Structures are given as C-alpha cells and as structure tokens.
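All values derive from a computational prediction rather than experimental measurement.
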Amino acid sequence: MATDHKTVPIPPKRANTDYPLIDSDPHLRRVFGYARPSDYAVASGLAATSPIAFWIMERVSPSHVGRGGFSPVMRLATAIGLVGGLHIFYQRSCNRFYGFTENAREVEMDMREMVDKVKKGEPLYGTSQVSPYLQGVAARNSRYSQLFSHVLPWFNIVNHDQHGVDTAKYYQQAERELEAERLN
C-alpha cells in the first residue's frame, strides 16, 4: 500500500550569531560563487604548505630512500595539501553564509541575486528534479553540515526551498525596486 508523503518543512534551528544568516544550507554553486579572493589566497597558501613542509623536512633530514622514493610521497603530500586547502576554502565561505563571520558583502550579493530572480519570476533557489519529500530529506541532511565536514564531507547539491531564512524580504525589495522604476 503506497502512502502519500506530505512535506512539512522542519524549520532549522537558528544559531545565535553576530552577523545575519544568509543561508543555513547553501548550495555548492553558491558557496563557490560567493567566495572572496582572500578565501582563494588562504586556501592556496594552505594547499602549498604540505608539499613545501615535506620538501623542507627532506632537505633538513634526508630519508635516503633512493631514486623513486621521494616522488610518490611528495605526490601524497601535495594531495593532502589540496584536500586541506579545499576544505578551508569551503569552510570560510560557508561560515559567512551561516553568519559566523563578517558577511556584509555576501548579504548584499544574496539580496541582489534573489531580487533579480523575483523580478524575472524564477524560483529563488532553483528548480529541482527531486520530489518535495526528498528535497526535505536532503535539506535536513545537509543543513549546517559544514560544521562537521572535517569528519564527514557533506555538501548540498539539491535545489530546495528550506534555507532557514524568511524569503519575504526578497519579494518586498523587488516590489520597492519595481515601484521606483515605475515612478521614474
């Protein structure tokens, strides 16, 4: 016997932060799209630290492994550095979405992006090929997931409308802008 799942969004718990919440479950594309140049610089520096540190250790205290022993370990050190750099990059961007760090630039970008979507009549958080029930499951599984990504990397790759923010502000701002355009 098939059951009809009624989707009732579970409101996300709000963290007390000094900065406004932009999104409690940002999509992977938004996280990369809203990243600051400083995120790229910090991530690149961290990614380079691992192979550079290994190279310095090999120069200071050689392992004497012979030909072919250094390069596989250097590749591993580089891979570890890249994974660490990607992790810190993603974490820094997500922390601004969550309101844990200063996010004035991202708040402005979010408002502009969402108001433009409202004006075009597009869905705010994109369309999804997944049922509303599975969208809710995806939202519950990935909400604030970045806080635990050092143990279990989990990213939001599903478009859904459960992001922990009141979307009325986007519609109100779009209405104000359209009214101002009509008056001019």
Below 30° counts as parallel, above 60° as perpendicular, anything between as tilted: where do the rings of [X] and [Y] land?
{"X": "His163", "Y": "His160", "value": "parallel"}
{"X": "Tyr34", "Y": "Phe97", "value": "tilted"}
{"X": "Tyr90", "Y": "Phe155", "value": "perpendicular"}

Which atoms form the tightest heavy-atom contact between [X] and [Y], and what is the distance?
{"X": "Gly99", "Y": "Thr17", "answer": "O-CB, 3.1 Å"}
{"X": "Ala139", "Y": "Gln162", "answer": "CB-OE1, 3.8 Å"}
{"X": "Cys94", "Y": "Gln146", "answer": "CB-CG, 3.6 Å"}

Flag side-chain contact, heavy atom, 4.5 Å: [X] against [Y]:
{"X": "Arg112", "Y": "Asp116", "value": "yes"}
{"X": "Asp23", "Y": "Val165", "value": "no"}
{"X": "Val73", "Y": "Phe54", "value": "yes"}
{"X": "Asn103", "Y": "Ile22", "value": "yes"}

- Message: Is the distance from the ring center of His87 to that of Phe89 below 6.0 Å?
- Response: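 No - the distance between ring centres of His87 and Phe89 does not fall below the 6.0 Å cut-off.
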- Message: Tell me every residue that passes side-chain contact (heavy atoms from CB on, under 4.5 Å) with Arg36, counting only those two or more places apart in sequence or in another chain.
- Response: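 In terms of side-chain contact (heavy atoms from CB on, under 4.5 Å), with neighbours along the sequence ignored, Arg36 is linked to Ser38, Asp39, Arg96, Glu102, Arg105, Glu106.
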- Message: Under the rule for side-chain contact (heavy atoms from CB on, under 4.5 Å), what residues qualify as partners of Trp154, not counting sequence neighbours?
- Response: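 With sequence neighbours excluded, Trp154 shows a side-chain contact (heavy atoms from CB on, under 4.5 Å) to Asn141, Ser142, Ser145, Leu152, given in chain and number order.
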- Message: My understanding is that only one of Val118, Asp161, Leu124 makes a side chain to side chain contact (heavy atoms under 4.5 Å, CB included) with Thr167; could you say which?
- Response: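 That would be Leu124.
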- Message: I'd like to know if Arg176 and Glu179 make a salt bridge, using a cut-off of under 4.0 Å between side-chain N and carboxylate O.
- Response: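 Result for this pair is no, no salt bridge flagged.
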- Thinking salt bridges, do Glu113 and Lys117 make one under a 4.0 Å N-O criterion?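 Yes, Glu113 and Lys117 are salt-bridged.
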- So does Glu175 have more than 12 non-hydrogen atoms from other groups sitting under 6.0 Å from CD?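 Open.
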- Message: Would you say that more than 12 heavy atoms from the other residues, nucleotides or ligands in this model lie under 6.0 Å from the CD of Glu108, or not?
- Response: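 Counting other residues, nucleotides and ligands, CD of Glu108 stays at 12 neighbours or fewer.
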- Message: How long is the straight-line distance from CD of Gln173 back to CE of Met114, given to the nearest 0.5 Å?
- Response: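 With rounding to 0.5 Å, CE (Met114) is 14.0 Å from CD (Gln173).
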- Stepwise side-chain contact (heavy atoms from CB on, under 4.5 Å) check, Leu86 with Leu82: CA-CA 6 Å; Leu86 181 62; Leu82 290 172; over 6 Å; no
